[in-house]
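Report on one structure; see the data block that follows.
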Amino acid sequence: MADEEDIVLSELNDEELVQQMHDDLYDGLADEVVEGTEILLSRGWTPYDTLTKALVEGMRIVGIDFRDGILFVPEVLMAANSMKSGMGILRPLLVETGAPKMGKIVIGTVKGDIHDIGKNLVGMMMEGAGFEVVDLGINIDVDKYLAALEEHEPDILGMSALLTTTMPYMKVVIDTMKEKGIRNDYIVLVGGAPLNEAFAENVGADAYCRDAAVAVEIAKEWMSRRQGSALAAT
Ligand code: B1M
């Protein structure tokens, strides 16, 4: 019976390798996840397929066992760090773009929430699509969001939340923007696993983004709408 040491990743076919990468991500083996990522790329896989089929899918499996009490925070942190190591290889490839500048987005994970993998992915994909991205990080309160809007003057504000307990904070930010009379100066996009379209509408966001690819599409769509109405007003 082969043990872990005997597995040579480069000798596995694509399907076996992706399966092994899910296992390595689950076990928090960052070096192996990086090696698997490099092998898939060397076999002609696109950065996006490598990201979604090997890394994001691996993290989805981790999430199920975390929910079911099979994995605990320390193990999930190791899995998250392995995912980030793989993303480190993909990042320059995803952001490498000759695309004309599309606009600017300020993005952050809301107060009380430290999940950042999804937000980071959105940032990378946005950069890849030609957006300038200002990433505020995690645990961002309303004052920090507002200060960043003033400082960076983006077109879009993006907020991420992964917890049902933190997602209502998006409404605090949007309501404060309304109070200050600046809500309509920005396109507000929200995302994160527990959200949905109805929630986005309830909190007063412009749109809910199911995943990073959808976030890019929606951002582009809203930018062209905005540019269209700016032209119409002239
Ligand atoms: Co946490 N955690 N976690 N966790 N964690 C979840 C979210 C959970 C669903 C797990 C579970 O029970 N199945 C659960 C939340 C339950 C709930 O609220 N109903 C949970 C919990 C309970 C907790 C703690 C409370 C656990 C504890 O301490 N007892 C704690 C809270 C800490 C805090 O934030 N205050 C906690 C801690 C952690 C770790 C630190 C261990 C780690 C985070 C590490 C890190 O991010 N650096 C962690 C992880 C990794 C997860 C899971 C397993 C994976 C999240 C992830 O990275 N997914 C997660 C389970 C799950 O989601 N299935 C879970 C991969 C990522 C690519 O997807 O983040 O959904 P996602 O992002 C997507 C889309 O949602 C969208 O695009 C992204 C890319 O396609 N998107 C946006 C996201 N943000 C967007 C913003 C946009 C647009 C789109 O703006 C425009």
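Both ligands and their constituent atoms are indexed starting at 1 by order of listing.
Not a single heavy atom of Pro194 sits closer than 4.0 Å to an atom of ligand 1. The closest approach between any non-hydrogen atom of Met159 and ligand 1 is below 4.0 Å.
Under the side-chain contact (heavy atoms from CB on, under 4.5 Å) criterion, Val172 pairs with Tyr169, Thr176, sequence neighbours left out.
Summarising the contacts of atom 44 (C) of ligand 1 with Ala79, Ala80, Pro74, the nearest heavy atom is found in Ala80.
Here the CG atom belonging to Asp24 is positioned 8.5 Å from the OG atom belonging to Ser82, to the nearest 0.5 angstrom. Rounded to the nearest 0.5 Å, atoms OG1 (Thr50) and CG (Leu40) are 5.0 Å apart.
Distances between N or O atoms of Ser160 and those of ligand 1 include at least one value under 3.5 Å. Note: no N/O pair closer than 3.5 Å links Val122 and ligand 1 by distance alone. Not a single N or O atom of Arg60, backbone or side chain, sits closer than 3.5 Å to an N or O atom of ligand 1. Inclusion of Cys209 in the set of residues having an N or O under 3.5 Å from an N or O of ligand 1 is not warranted.
Contacts with ligand 1 closer than 4.0 Å are made by side-chain heavy atoms of Leu121 only, the backbone lying farther away. Looking at Arg67 against ligand 1, both its backbone and its side chain come within 4.0 Å, counting heavy atoms.
Within a 6.0 Å sphere centred on CD of Glu221, heavy atoms belonging to other residues, nucleotides or ligands number more than 12. The local environment of CZ in Arg210 is sparse, with at most 12 non-hydrogen atoms from other residues, nucleotides or ligands closer than 6.0 Å.
Among Val110, Ile114, Asn139, the one residue that satisfies the side chain to side chain contact (heavy atoms under 4.5 Å, CB included) test with Thr166 is Val110. Remark: of the listed residues Ile7, Val8, Leu9, Asn13, Val8 is the sole one forming a side chain to side chain contact (heavy atoms under 4.5 Å, CB included) with Glu11. Checking each of Val62, Val33, Asn120, Leu25 against Met83 for a side chain to side chain contact (heavy atoms under 4.5 Å, CB included) leaves exactly one that passes, namely Leu25.
Defined by atom type and a distance below 3.5 Å, a donor-acceptor pair is missing between the side-chain atoms of Trp222 and Asp155. Between the side chains of Asp65 and Tyr26, at least one donor-acceptor pair of N or O atoms lies under 3.5 Å.
Of all atoms in ligand 1, numbered sequentially from 1 with element shown, those under 4.0 Å from a heavy atom of Asp113 are 34 (O). Near Asp211, the atoms of ligand 1 lying under 4.0 angstrom from a non-hydrogen atom of the residue are 76 (C), 77 (O), 80 (O).
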Is there a side chain to side chain contact (heavy atoms under 4.5 Å, CB included) between Ile89 and Leu41 once you walk through the steps?
CA-CA 10 Å; Ile89 308 287; Leu41 291 172; 3.8 Å; yes

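Contact check on Arg183 versus Asp206 returns a salt bridge, with a Lys/Arg side-chain nitrogen under 4.0 Å from an Asp/Glu carboxylate oxygen.
Distance alone, capped at 3.5 Å, places no donor-acceptor pair between the Tyr145 side chain and the Ile174 backbone. Judged by distance alone, the side chain of Arg91 and the main-chain N or O of Leu121 form no donor-acceptor pair under 3.5 Å. Side-chain atoms of His22 come within 3.5 Å of backbone atoms of Lys53 as a donor-acceptor pair (strictly under, hydrogens ignored). No donor-acceptor pair under 3.5 Å is formed between the side chain of Asp113 and the backbone N or O of Ala161.
Put simply, atom 15 (C) of ligand 1 has protein non-hydrogen atoms near it, under 4.0 Å away. Proximity of atom 9 (C) of ligand 1 to the protein is not indicated, since no non-hydrogen protein atom lies closer than 4.0 angstrom. Distance screen at 4.0 Å: atom 37 (C) of ligand 1 has a protein heavy-atom neighbour inside the cut-off. Distances from atom 59 (C) of ligand 1 to the protein include no heavy-atom value under 4.0 Å. Distances from atom 24 (C) of ligand 1 to the protein include no heavy-atom value under 4.0 Å. Within 4.0 Å of atom 50 (C) of ligand 1, at least one protein heavy atom is present.
Taking atom 68 (O) of ligand 1 as the reference point, the nearest protein heavy-atom neighbour is Gly118 CA, 4.3 Å. When only non-hydrogen protein atoms are considered, atom 76 (C) of ligand 1 lies nearest to Arg210 O, 3.6 Å. Looking only at protein heavy atoms, the nearest one to atom 45 (C) of ligand 1 is Asp116 OD1, 3.4 Å. At the shortest separation from atom 81 (N) of ligand 1 among protein heavy atoms lies Gly192 N, 3.5 Å. Given atom 57 (O) of ligand 1, the protein heavy atom at minimum distance is Ile117 CB, 3.4 Å. Regarding atom 19 (N) of ligand 1, its nearest protein heavy-atom neighbour is Thr164 OG1, 3.4 Å. Looking from atom 79 (C) of ligand 1 to the surrounding protein, the closest heavy atom is Ala212 N, 3.7 Å. Protein heavy atom in closest approach to atom 33 (C) of ligand 1: Ile114 CG1, 3.5 Å.
Residues Tyr208 and Ile218 have side chains not in contact (no heavy-atom distance under 4.5 Å, counting atoms from C-beta outward).
The minimum heavy-atom distance between Gly86 and Leu55, with the atom names listed, is C-CD1, 3.8 Å.
Taking a cut-off of 2.8 Å, the protein N, O or S atoms nearer than that to atom 1 (Co) of ligand 1 are His115 NE2.
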